[in-house]
Amino acid sequence: MEAVLDVVEAIPAGRVMTYGDVATVVGRRLARGGPRQVGTALREVGAAVPWWRVVRSSGLPAVHKEETASALLRVEGCPFVDGERVDMRRARLAP
DNA sequence: ACCTTGACCTTGG
DNA sequence: CCCAAGGCCAAGG
């Protein structure tokens, strides 16, 4: 869980990573519950980490604060498509 | 100890 | 592209 936060903090502005990717990078050892636990961890820590740089595999931001998230991402210069989904091909940080 | 919930993912219609 | 089903597992009641 500690590792998860590190990874998220390491995401550069304007880039994003999916929950699944984070779980993969961290490894099954620490991200035991897969993507779900990543989300849970972020919820616990609150605004201490740039959680808005973590999006779903579909490219849409997290469900509860999608407005805020997309806004912040736009400010950071993250590429979008259709005006809402993140352009994964460019913004996705390689695992 | 059991049950429910949930910032999700993948696969198959 | 949209929907449903199954899997995953930590936390909280």
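Just so you know, these numbers come straight off a predicted model, no measurement behind them.
- Between A:V7 and the choices A:L93, A:V38, A:V22, the side-chain contact (heavy atoms from CB on, under 4.5 Å) rule is met once, by A:V22.
- Cluster annotation: A:M88 is not connected to A:V81 through the hydrophobic network of ILVMFWY side chains, with a link wherever side-chain heavy atoms come within less than 4.5 Å.
- Heavy atoms only, all atoms of each residue included: A:G14 and A:A91 are closest at O-CB, 4.1 Å.
- Put simply, CZ on A:R43 is 9 Å from C1' on B:dT5, counting in whole angstrom units.
- Going from atom CZ of A:R36 over to atom C1' of B:dC8 covers 6 Å, rounded to whole Å.
- Projected onto DNA chain B by closest heavy-atom contact, A:Q37 and A:R56 fall at different nucleotides, the more 5' of which corresponds to A:Q37.
- As a whole-Å value, the separation of A:M17 CE from B:dC8 C1' is 15 Å.
- A:R74 and A:E84 are joined by a salt bridge, as a carboxylate oxygen and a charged side-chain nitrogen come within less than 4.0 angstrom of each other.
- If you check every strand for non-hydrogen atoms under 4.0 Å, A:R32 touches sugar and phosphate atoms only.
- Remark on DNA chain C: of its neighbouring residues A:T40 and A:P35, the 5'-side contact belongs to A:P35, judged by nearest-heavy-atom nucleotide.
- In this structure, A:W51 atom CH2 and B:dC8 atom C1' are separated by 16 Å, rounded to whole Å.
- For the OP1/OP2 pair of B:dC9 and a distance below 4.0 Å, the side-chain nitrogens and oxygens of A:S57 include at least one atom meeting the criterion.
- With respect to A:V16, the side-chain contact (heavy atoms from CB on, under 4.5 Å) criterion is satisfied by exactly one of A:I11, A:D87, A:L73: A:L73.
- Clustering ILVMFWY residues whenever any of their side-chain heavy atoms sit less than 4.5 angstrom apart, transitively, puts A:V8 in a cluster other than the one holding A:L60.
- Both distances falling under 3.5 Å, in either a Watson-Crick or a G-U wobble arrangement, place B:dC2 opposite C:dG13.
- For DNA chain B, none of the residues of residues 78-87 of chain A falls under the heavy-atom distance limit of 4.0 Å.
- Base pairing annotation: B:dG12 forms a Watson-Crick or G-U wobble pair with C:dC3, both donor-acceptor distances under 3.5 Å.
- Rounded to an integer number of Å, the gap from CG of A:D21 to P of B:dC8 is 15 Å.
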